[in-house]
Structures are given as C-alpha cells and as structure tokens.
Amino acid sequence: MSEKKTPTLQYRFDGPEDAPVLILGPSLGTTWHMFDRQVPELVKQWRVLRFDLPGHGGAPAHPAGSVAELATRLLATLDGLGVQRFGYAGCALGGAVGIELALRHPERLASLALVAASPRFGTPDEFRQRGVIVRTNGLDPIARSAPDRWFTGGFAAAQPAITEWAVQMVRTTDPGCYIAACEALAAFDVRPELGRIGVPTLVLVGSEDQVTGPAEARTLVAGIHDARLAVVPGASHLVPVEQPAAVTDLLVRHFSTAWQQPFDTGQTALPAAAAPVPAPAAPAPVAMPTPAPVPAPATPAAPPRTAPVAEIAAAAEPPQPVAPPDRYETGLKIRREVLGDAHVEGVLARADEFSGDFEELVTRYAWGEVWDRPALDRKSRSCVTLTALVAGGHLEDLAVHTRAALRNGLTPQEIKEVLLQAAVYCGVPAANSAFRVAQQVIREETTPAE
C-alpha cells in the first residue's frame with residue numbers, strides 16, 4: 001500500500017446485496033460484535049456494513065489521530081466498495097464519526113442515528129490522562145474498569161459472560177491505536193456546528209449512562225434541527241448490548257421512516273424524508289485480515305423489554321459566526337491541551353490587575369507563537385522544556401511540565417533519559433532534585449484509579 005493512499009478499515013457485510021446500505025460504527029475499545037444482536041433484524045431491510053476501528057478486533061494498527069481522519073478512512077473504504085449513499089448508526093466514537101460525516105459529507109448520508117454520543121466527550125484532560133495511563137501501564141487497567149463504564153451494575157452482575165467478553169475486547173486492542181483514539185476524542189468539539197446538520201437524526205441514549213448521558217443527548221437534539229431523542233430505560237453506555245431489543249426497534253423505526261432522498265448540495269432546502277430506496281448493489285467485499293472474533297458469550301435470556309421513551313426537541317437557533325481566533329486564543333487552546341484545563345483555569349483565576357498582563361504575554365507569545373511553530377512536535381518541545389527547567393532549578397514548573405510531557409506522549413522511560421542527559425550537562429545536584437520531583441509526578445499520574 002502506498003504511503004499516500006488512505007488506509008481503509010476492516011469491515012464485514014451482512015444482508016442482501018441489492019438492499020440499501022446501513023453502516024454501524026462501534027465505540028472506543030469495542031469491535032463490530034457490539035452490534036451482533038441488532039443485525040438479524042436489520043438485514044431484513046438493509047445490507048448492513050460493520051467496521052472495526054484501527055487496531056480493534058485484529059484490524060491493522062494504523063492509528064488515526066482525529067475523528068475527521070476516521071471518517072476519511074471510512075469513506076475510502078466505501079468508495080472502494082462502490083457504496084456512495086448510506087444510512088449510518090454509530091455508538092460513542094462511532095457516533096462522532098457519524099456527526100463528522102453529516103457535517104462534512106451530507107450528500108453521502110441518507111439518515112443518521114447517534115447512540116451514546118455527544119458533541120464533546122467529557123474534557124480533553126480526561127482523555128489525555130487516559131492516554132497517559134495506557135502508555136505507562138498498557139490497556140489492562142482500562143479493560144478491567146470497562147464494565148463499570150459500559151453497563152449498569154445489575155446487568156454486569158447478571159451477565160458475567162458478557163462482562164468478561166467486554167473486558168477481552170479492550171484487552172486485545174492495540175494500545176497505540178487506543179491512545180490515538182483518545183486524542184481524537186479529546187480534540188472533538190462540534191457544539192457550534194450542530195445547526196448545520198440537515199440529515200434526519202435519531203439520538204439514542206441509555207437512561208443510566210454515566211459517560212455520555214441524557215444531558216449530552218439533549219444537547220445534540222437541541223442543536224440538530226431534524227432530531228428526535230429516545231431514552232432507553234435500564235441501560236448504560238453500551239446500550240445496544242444491554243438493551244438490544246429496544247435499540248433494534250428504535251433503529252428499525254427510524255431508518256424505515258426517515259431515509260432522505262439524494263439531494264443536490266447546491267439546493268437551499270433539503271427534501272422531505274422518504275422511505276428507503278434500493279441502492280446499487282455493492283461489489284463483493286475485498287479481502288481483509290479479519291481475525292477470529294472475540295469469543296461471544298452464550299446468548300443470555302432477553303432482558304425484560306421496556307418501551308423506550310421518545311422526546312422531540314425544538315430546533316435551536318443557528319449559531320452566530322465566530323471571528324477567527326487571534327494568537328491569544330491559539331495560545332490559550334495549546335496551553336490548555338498541554339498543561340490541562342484545571343491547571344490553566346487555576347492560573348488565570350489567580351491573575352489580578354498586577355499579574356494579568358504577564359499571563360496574557362505568556363499565553364500569546366510562549367504558547368500562541370513558540371509552542372505553535374511546526375518545526376518541532378510537542379514531545380520534542382517537552383524534552384527541551386524539561387532540560388531548561390532542570391538547568392534553571394525551577395522545580396515547581398518542572399512538576400507542571402513533567403505532567404505536560406506525559407500528556408504530550410513522553411513515557412516515564414523517556415523522561416528518565418531526558419533527566420539523565422540533563423545530569424551530564426546541567427549538573428548532578430540539579431538532576432538529583434529533578435528526579436525527586438519527576439518521580440513523584442509520574443507516580444501520581446500513571447497509577448490507575450482504584
């Protein structure tokens with residue numbers, strides 16, 4: 001494969017070749033098997049394409065560092081298959097891909113369902129910290145905590161086979177691809193753009209979801225003009241696994257009634273929704289390195305079916321134009337990404353009439369000018385910064401920038417090498433103090449939460 005060629009995604013087709021194509025996008029840490037219990041019903045009307053994220057489920061480990069890049073890879077995969085128009089349902093990170101498609105490639109989408117999704121996933125700090133944990137400890141801590149994030153306590157206790165299956169999905173993911181996906185989610189924020197989504201949209205969420213719950217779902221519905229909200233009782237984040245019947249019913253109902261006809265992107269108005277129309281038959285799937293699936297749990301007894309609650313929200317006002325950011329805004333963004341929101345907010349909150357101009361100078365020129373220059377990546381800039389702080393004996397700032405170095409992708413081993421190099425050129429006493437500071441920070445930042 002040429003280096004300039006966009007990598008494609010591992011995928012599988014189910015259903016009749018002459019049916020309209022419906023794509024199912026998975027969540028971070030999962031595989032296409034998270035939709036196993038929706039497929040038998042969906043293939044009665046659609047040709048279902050499921051894909052794996054890079055490095056998930058045995059897929060080639062080509063990390064994608066942004067949601068836009070994942071969407072580009074999906075479109076490259078579909079172009080190779082001759083699929084031009086499709087419906088799309090995605091869970092969490094898969095939902096972010098769906099939002100990206102709706103914003104950048106609306107002519108390809110016939111209908112959209114966003115499951116456990118959000119226009120912004122938590123805070124950048126949360127996902128970058130998760131990347132630090134994985135880079136230092138591997139995926140095992142994340143895998144062991146996955147059931148607590150994905151399922152309600154009652155479901156996890158009653159379905160130990162499914163719980164273990166979920167843990168193994170995460171444990172077998174490529175760490176580098178997982179970290180890159182965390183970076184993609186950390187940078188994802190489309191709140192100002194939601195008003196530009198014109199495709200009919202179902203926003204589906206579990207009532208007990210503590211990751212991207214009903215509040216985030218209502219933000220999506222308030223921002224997307226043609227959107228409905230469905231809250232599924234008794235389900236947490238992986239609602240298609242925990243309440244498969246309710247999710248299947250909602251998806252069938254949505255895609256059966258809100259399938260938009262192709263439109264000319266030059267039109268000023270979108271046509272009314274219509275029932276699915278047959279799409280051109282897709283060619284046979286290209287050969288992909290599909291591994292044996294994670295051993296699926298024995299199918300449990302179906303949980304009691306609870307009728308989902310649907311709400312319809314009014315359309316939001318279109319967002320107002322935003323002026324291009326200046327160097328201060330650029331610097332503030334980079335400063336937050338490198339040092340963390342909590343640290344930056346604390347520094348700015350302590351600034352007063354005396355120190356405020358200094359903080360603006362640092363933000364505008366150090367962060368908005370120097371840290372934004374393209375010749376060095378952030379890992380390299382962290383190496384230079386740590387060395388300079390050791391030389392100057394600035395131990396308080398060294399602690400801050402040790403945390404920043406971990407967030408920028410340096411491992412504890414690499415930080416140790418930087419400090420050893422500094423010991424040679426800056427002096428052993430300075431490096432001795434630096435090792436004590438860095439050791440404490442690394443211990444705090446890389447120890448998984450109990």
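Heavy-atom basis, side chains included; hydrogens, waters and symmetry copies ignored.
A salt bridge does not link Arg12 to Asp52: none of the charged side-chain nitrogens sits closer than 4.0 Å to a carboxylate oxygen. Salt bridge present: Lys333 and Glu337 bring a charged side-chain N and a carboxylate O closer than 4.0 Å. Between Asp372 and Arg327 there is a salt bridge, with a side-chain nitrogen of the basic residue lying less than 4.0 Å from a carboxylate oxygen of the acidic one. The existence of a salt bridge linking Arg171 and Asp140 is confirmed by a sub-4.0 Å separation between a basic side-chain nitrogen and an acidic carboxylate oxygen. Ionic pairing of Arg85 and Glu107 is not present here: no N-O contact between side-chain nitrogen and carboxylate oxygen is shorter than 4.0 angstrom.
To the nearest 0.5 Å, atoms CG (Leu112) and NE2 (His254) are separated by 6.5 Å. Taken to the nearest 0.5 Å, the CG atom of Asp14 stands 11.5 Å off from the CG atom of Leu22. Put simply, OH on Tyr328 and OG1 on Thr363 are 4.5 Å apart, with the number rounded to the nearest 0.5 Å. Atom CZ of Phe35 is separated from atom CG of Leu251 by 8.0 Å, given to the nearest 0.5 angstrom. In this structure, the separation between CG on Leu93 and CZ on Phe188 is 9.0 Å, given to the nearest 0.5 Å. Taking CD from Glu100 and CD1 from Ile197, the interatomic distance works out to 10.0 Å, rounded to the nearest 0.5 Å.
For the pair Trp150/Val211, no side-chain contact is recorded, criterion being any heavy-atom separation below 4.5 Å from C-beta on. Looking only at side-chain heavy atoms (C-beta outward), Val203 and Arg228 stay at 4.5 Å or farther from each other. Counting heavy atoms from C-beta on, the side chains of Pro26 and Thr31 never come closer than 4.5 Å. Residues Cys177 and Leu53 fail the side-chain proximity criterion, which asks for heavy atoms closer than 4.5 Å. Taking 4.5 Å as the limit, some side-chain heavy atom of Leu332 sits within range of a side-chain heavy atom of Val344. At least one side-chain heavy atom of Leu398 sits under 4.5 Å from a side-chain heavy atom of Thr402. Using a 4.5 Å cut-off on side-chain heavy atoms (C-beta onward), Glu193 and Ile99 make no contact. Inter-residue side-chain proximity for Ile415 and Ile442 is flagged as met; some heavy-atom pair is nearer than 4.5 Å.
Taking Lys379 as the reference, Glu414 meet the salt bridge (charged side-chain N to carboxylate O under 4.0 Å, His left out) condition, with sequence neighbours excluded. With sequence neighbours excluded, the residues that form a side-chain contact (heavy atoms from CB on, under 4.5 Å) with Pro119 are Val190, Arg191, Leu194, Thr219, Leu220. For Glu417, there are no salt bridge (charged side-chain N to carboxylate O under 4.0 Å, His left out) partners two or more places apart in sequence or in a different chain. Scored by the salt bridge (charged side-chain N to carboxylate O under 4.0 Å, His left out) test, Arg436 finds no partners at all (sequence neighbours excluded). With sequence neighbours left out, the side-chain contact (heavy atoms from CB on, under 4.5 Å) criterion links Glu126 to Thr123. Every salt bridge (charged side-chain N to carboxylate O under 4.0 Å, His left out) that Glu445 has, sequence neighbours left out, goes to Arg403.
For residues 174-186, the side-chain hydrogen bond (donor to acceptor under 3.5 Å, both in side chains) pairs, not counting sequence neighbours, are Arg128-Glu183, Arg130-Tyr178. Residue pairs meeting the salt bridge (charged side-chain N to carboxylate O under 4.0 Å, His left out) criterion with at least one member in residues 350-359, sequence neighbours excluded: Arg335-Glu359. Sorted by first and then second residue, the ring pair (Phe, Tyr, Trp, His ring centres under 6.0 Å) pairs involving residues 371-410 (not counting sequence neighbours) are Trp367-Trp371. Note on residues 74-107: no pairs pass ring pair (Phe, Tyr, Trp, His ring centres under 6.0 Å), not counting sequence neighbours.
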Worksheet entry | side chain to side chain donor-acceptor pair (under 3.5 Å) between Ser145 and Asp148, worked out | CA-CA 6 Å; Ser145 63; Asp148 293 335; over 6 Å; no
### Query
After noting the C-alpha distance and the side-chain angles of Ile23 and Leu78, does the key distance pass the side chain to side chain contact (heavy atoms under 4.5 Å, CB included) rule?
CA-CA 10 Å; Ile23 298 172; Leu78 297 175; 3.4 Å; yes
Walk me through whether Leu229 and Arg218 qualify under side chain to side chain contact (heavy atoms under 4.5 Å, CB included). CA-CA 7 Å; Leu229 173 64; Arg218 290 188 174 91; 3.6 Å; yes
Determine, stepwise, if the pair Arg50 / Asp36 fulfils side chain to side chain contact (heavy atoms under 4.5 Å, CB included). CA-CA 10 Å; Arg50 289 180 282 171; Asp36 277 352; 2.6 Å; yes
Check against side chain to side chain contact (heavy atoms under 4.5 Å, CB included), Val115 and Leu202: CA-CA 8 Å; Val115 182; Leu202 171 68; over 6 Å; no
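What you find for Val134 and Pro175 is that their closest heavy atoms are CG1-CB, 4.0 Å. The shortest heavy-atom contact between Thr173 and Gly29 is OG1-O, 4.2 Å. Across Pro141 and Gly138, no two heavy atoms sit closer than the pair CD-O, 3.5 Å. Residue Gly87 comes nearest to Phe255 through the heavy atom pair CA-CE2, 4.2 Å, listed as atom of the first residue, atom of the second, then distance.
Judged by distance alone, the side chain of Gln159 and the main-chain N or O of Ala156 form no donor-acceptor pair under 3.5 Å. Between the Thr77 side chain and the Leu9 main chain, a donor and an acceptor come within less than 3.5 Å of each other. With Glu242 contributing its side chain and Phe155 its backbone, the two residues share no donor-acceptor pair below 3.5 Å.
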Compile the donor-acceptor pairs under 3.5 Å between side chains in residues 234-241 and protein atoms, sequence neighbours left out, one pair per line.
unit_1, atom_1, unit_2, atom_2, d
His237, ND1, Asp209, OD1, 3.3
His237, ND1, Asp209, OD2, 3.0
His237, ND1, Thr212, OG1, 3.4

Side-chain donor/acceptor pairs under 3.5 Å, residues 63-75, sequence neighbours excluded:
unit_1, atom_1, unit_2, atom_2, d
Ser66, OG, Glu69, N, 3.0
Glu69, OE1, Gly65, N, 3.3
Glu69, OE2, Arg73, NH2, 2.7
Thr72, OG1, Ala68, O, 3.0
Arg73, NH1, His62, O, 2.5
Arg73, NH2, His62, O, 3.3
Arg73, NH2, Pro63, O, 2.9

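Open room surrounds CD on Gln210; 12 or fewer heavy atoms of other groups in view lie less than 6.0 Å from it. Environment of CZ in Arg373: sparse, with no more than 12 heavy atoms of neighbouring residues, nucleotides or ligands closer than 6.0 Å.
Thr30 and His56 share no donor-acceptor pair across their side chains, judged by distance under 3.5 Å alone.
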